[in-house]
Amino acid sequence: MIEAPVIERHGLKPDEYDRIVSLLGREPNLTELGIFSVMWSEHCSYKSSRVHLKTLPTDGPQVLQGPGENAGAIDIGDGLAAVFKIESHNHPSFIEPYQGAATGVGGIIRDIFTMGARPIALMNSLRFGSLDEPGSRRILEGVVAGIAGYGNSIGIPTIGGEIAFEPSYAGNPLVNVFCLGTVKASDIIKGVASGAGNAVYYVGAKTGRDGIHGATMASAEFDDKSAEKRPAVQVGDPFMEKLLLEACLEVMRTDALIGIQDMGAAGLTCSTTEMGSRGGAGIEIDVSLVPQRESGMTPYETMLSESQERMLLVVKKGREQEVERVFEKWDLHAVHIGEVTADGLLRVKNRGEVVAEIPNRALTDEAPVYRRPMEMPAYLAEVQALDLDALGPVPRAEQALLALLASPAIASKRWVYRQYDHMVRTNTVNLPGLGAGVVRIKGTPRALSMSVDGNGRYCYLDPYRGAMLAVAEAARNVACTGARPLGATNCLNFGNPERPAIMWQFAKAVEGIGVACRALDVPITGGNVSLYNETDGNPIYPTPVIGVVGMLEHADRVLSRRFQAAGDAVILLGDGFGELGGSELLKVVCGLVRGAPPALDLKAERALQELLVTLAQSQLIRSAHDCSDGGIAVTLAECCFDADGTAADVAIDGVDVARDERVNVAAALFGESASRVVVSAAPGAAPKVLELAAAAGVPGRLIGRTGGDVLRIAVAGRVAVELPIHDAEDAWATALERYFARRVA
Amino acid sequence: MKIAVIVFPGSNCDHDAYHAATDVLGESADLVWHKDADLKGADVVVLPGGFAHGDYLRTGAMARFSPIMREVQAFASRGGPVLGICNGFQVMLEAGLLPGAMLRNRDLKFLCEHVHIRVEQIDTPFTAACRRGQVLTIPIAHGEGNYFAEPDVIARLEKNRQIVFRYTTAGGEVTEAANPNGSAASIAGICNEARNVVGLMPHPERACESILGSADGLVIFQSVMQSLKSGALVGGTRQA
């Protein structure tokens with residue numbers, strides 16, 4: 001008989017325990033309770049999110065593998081597939097930033113090579129508290145070092161990402177890691193166990209007591225006792241993972257495998273259960289055969305450990321030696337720990353004695369699913385109201401522009417990405433900081449473009465619209481490199497779903513993602529949900545992060561944000577409406593998080609993206625950069641940066657959103673209206689660009705020329721910004737490192 | 001020309017060197033496993049970048065015990081051209097093929113970016129096609145590339161003209177700011193006294209195609225092709 005406090009410590013509610021008893025037809029023993037607790041945790045079971053996730057679009061002719069496997073896959077031509085996914089490692093990264101982030105990278109890499117794909121690119125999306133807080137600087141330094149430490153040594157380039165800072169992430173940083181690999185579509189391998197009598201193998205690092213209940217930890221809020229949970233954070237060993245990666249890819253070429261799965265959250269428990277469940281089979285293992293790092297480990301501990309760098313393989317009967325030989329070449333020891341059975345049970349033995357026996361279905365299909373109560377949060381009506389006439393004094397446009405360029409969200413992230421090896425494998429054709437990450441596919445003329453984006457502030461103000469905007473921005477960034485967006489993955493970071501206001505945010509955001517992905521034809525092929533991102537009852541901004549992958553037909557026609565030559569035409573595609581709600585300007589210059597985020601017309605967005613792909617592939621434009629944080633003024637400045645000092649002279653239309661003329665000028669310059677891209681073109685090509693834009697129904701206008709060393713922007717005929725580009729670039733380029741230099745001094 | 005690219009279990013730039021040698025330069029190349037004891041008749045040996053054995057101890061510290069290193073040592077002592085790139089350079093220092101040691105970068109952080117290096121010596125097999133004083137734009141990617149040696153060793157390297165590459169500005173000037181990692185005497189690469197063994201921290205194999213941002217690294221590989229063709233060098237194995 002298991003006592004109530006033990007059940008509670010396992011994160012199980014009394015009614016969930018009753019369900020376990022009824023599914024088993026008896027009381028579970030402690031090992032079985034542990035197994036249920038991790039499989040039924042939010043992290044593994046998606047019990048709060050599942051009903052909503054089901055509404056997402058996941059199909060399309062380009063989709064080779066949708067959600068449900070270790071990662072999704074899309075068709076990229078020539079019989080090749082791009083396999084990709086994004087995953088969070090938020091909770092561990094708060095407790096131990098370096099290892100939390102490093103093992104996050106390790107986990108997502110395993111998800112990709114588990115599918116048979118060679119990982120070729122990493123990206124990340126990070127959120128921290130304000131950099132004015134020493135604690136946030138410490139977490140950022142640790143997270144960046146952890147990502148670098150793991151990715152660099154395993155030799156997969158980290159080609160880009162995004163970082164934002166808001167006070168709501170101070171106690172709950174977000175570390176979302178994206179990985180992409182390529183594989184021959186016919187060689188994709190799945191995490192499935194089938195064929196009674198086939199051998200179950202364990203390979204990789206030994207199992208220790210680290211990370212026990214990691215999945216349960218990731219399904220609870222933080223409080224002042226969280227530091228005590230440090231033993232639940234695992235330690236990464238990138239060298240071991242490199243061996244596993246190479247050895248597994250080599251084994252997969254032998255055709256001796258039925259299926260393979262990494263041991264991530266909930267370790268041996270989750271991998272055995274999920275593989276069995278997918279194949280409609282059972283798995284029987286003996287934990288005494290599992291290589292153990294520590295002595296005296298109980299079956300409970302072995303089953304629940306989240307030690308890193310471990311894989312579970314199902315090998316065709318009779319082919320065992322072939323597989324063992326490959327692992328030996330890499331100095332890895334593959335251990336035969338059990339067999340596939342026909343009875344659909346997870347049976348765990350310890351020296352032959354059965355210590356747990358649970359139907360796989362009870363752990364997976366029969367896991368609880370909640371349609372949790374939802375309620376529109378009370379704060380919304382208040383924060384959505386924005387009266388621009390009551391804004392108070394707004395600084396001069398130049399001053400505001402310099403402040404925005406130096407704000408950590410907008411400033412150059414060079415200090416971060418120079419710590420990542422972003423060139424290894426010699427495929428990176430768009431370096432970090434220039435737009436979406438782009439890697440060529442060797443042996444073909446093509447390249448893959450990818451971007452991860454999210455905007456927690458927009459989602460806080462309107463989760464539905466904010467989530468749509470995140471999808472649109474990720475796809476737009478991909479289109480700006482000249483690539484056609486093909487598919488998406490999402491990482492949904494939210495607070496405690498047991499609170500109706502949070503659940504409402506979640507549901508609205510998922511709805512927005514679904515609508516935008518359908519309209520832009522980027523189906524969701526997989527992803528991850530991270531809930532309970534709260535500390536002492538303070539939730540993070542709702543933060544869906546979207547990764548979009550697209551393809552360029554000609555790698556050498558890739559575009560970046562940089563102006564290429566003086567004398568080129570500067571063209572604005574799309575219209576600005578001076579929307580300041582939720583903007584970086586309001587936050588940085590006015591100290592306000594208010595208003596409704598920009599409106600989004602998905603039809604216009606789609607037309608714009610298709611136009612960009614056409615313009616890039618026909619080589620009519622030389623650069624493209626979208627308007628997002630900080631509006632068109634920041635976009636224009638960024639087009640001039642890293643461009644050998646080439647500035648621009650442009651004139652944009654005014655807007656009429658307030659009584660004060662200065663507010664109107666600020667709204668025209670810094671408003672964040674969506675679906676706008678600044679492109680540059682050789683003077684002779686400009687008329688053709690405008691003609692194609694008109695034909696596509698995309699508003700296009702010539703707004704100026706590149707050249708000179710002063711960025712000049714006129715609004716409604718009057719010069720509002722006149723800045724030596726060197727000064728602007730200096731403010732932007734050095735802002736981030738100044739935060740860290742300050743600490744040393 | 002036949003190039004042997006040595007593969008340690010934690011090598012991760014082996015494919016990049018192989019790609020540059022074969023797909024870009026059209027030469028033949030072999031990936032040679034570190035447990036092998038045969039260089040397969042190679043004319044040139046490349047020790048590639050990466051983290052040879054995880055490098056949790058010191059970078060390159062374990063690699064010198066790999067069986068293939070005996071062959072590489074013998075090949076080098078016969079005068080065969082050997083190029084160590086990044087971790088390969090670190091392995092050379094640990095194996096005693098070249099003098100000195102690596103410290104962590106000056107600011108204690110891994111650094112990946114394009115830098116400028118000046119070719120100081122053109123009488124090595126890997127710089128023979130360069131102009132003396134030529135400035136190359138080539139990326140670095142390392143956490144421990146801060147070259148260190150005792151002052152008398154540095155003096156000897158200077159006297160023997162063993163400093164092959166130095167970090168400089170784009171204009172070829174040696175400055176503190178242009179030295180990315182704090183290396184003594186701004187050293188980016190050196191050779192042995194016999195001049196056939198060259199190690200450098202920057203990655204020429206990452207700068208062989210303009211689509212990647214620079215093709216300045218090609219000249220390093222073209223140099224060794226030219227040296228072999230002209231007979232200035234006798235491939236170690238052939239001689240043996």
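Here is how names work: the chains are called A, B, and so on, in the same order as the sequence lines, proteins then strands, and each is numbered from 1. We use all heavy atoms of the structure for the numbers below, so side chains are in, but hydrogens, waters and symmetry mates are not.
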Flag, side chain of A:Q99 to backbone of A:G236, donor-acceptor distance under 3.5 Å: yes

CZ-OH distance between B:F89 and B:Y147, expressed to the nearest 0.5 angstrom: 6.0 Å

Validation row: A:L122, A:I109 side chains within 4.5 angstrom (heavy atoms): yes

Most chain B-contacting option - heavy-atom pairs closer than 4.5 Å, from A:R414, A:E246, A:M240, A:H422: A:H422

Trace of the side chain to side chain donor-acceptor pair (under 3.5 Å) decision for B:Q73 with B:R64: CA-CA 10 Å; B:Q73 296 263 15; B:R64 70 188 173 103; over 6 Å; no

Residue, of A:A148, A:A145, A:P238, that accumulates the most heavy atom pairs under 4.5 Å with chain B: A:P238

Among B:H15, B:H142, B:E209, residue most engaged with chain A (heavy-atom pairs, under 4.5 Å): B:E209

Pick from A:N427, A:N430, A:D331, A:N152 with the largest number of heavy-atom pairs that fall under 4.5 Å of chain B: A:N152

Which atoms of A:I156 approach chain B - backbone, side chain, both or neither, heavy atom under 4.5 Å: neither

A:K329, part contacting chain B, at a heavy-atom distance under 4.5 Å: both

Region of B:A17 that comes under 4.5 Å of a non-hydrogen atom in chain A: neither

Pick from B:A207, B:C13, B:S11, B:C208 with the largest number of heavy-atom pairs that fall under 4.5 Å of chain A: B:S11

Interatomic spacing from NE2 in B:H53 to OG in B:S66 - rounded to 0.5 Å: 3.0 Å

salt_bridge(A:R418, A:E737) N-O dist < 4.0 Å: no

Under 4.5 Å from a heavy atom of chain B, the part of A:S153 involved: both

B:D36 (side chain) donor-acceptor with B:D38 (main chain) under 3.5 angstrom: no

Contacting moiety of B:S210, where chain A heavy atoms sit under 4.5 Å: neither

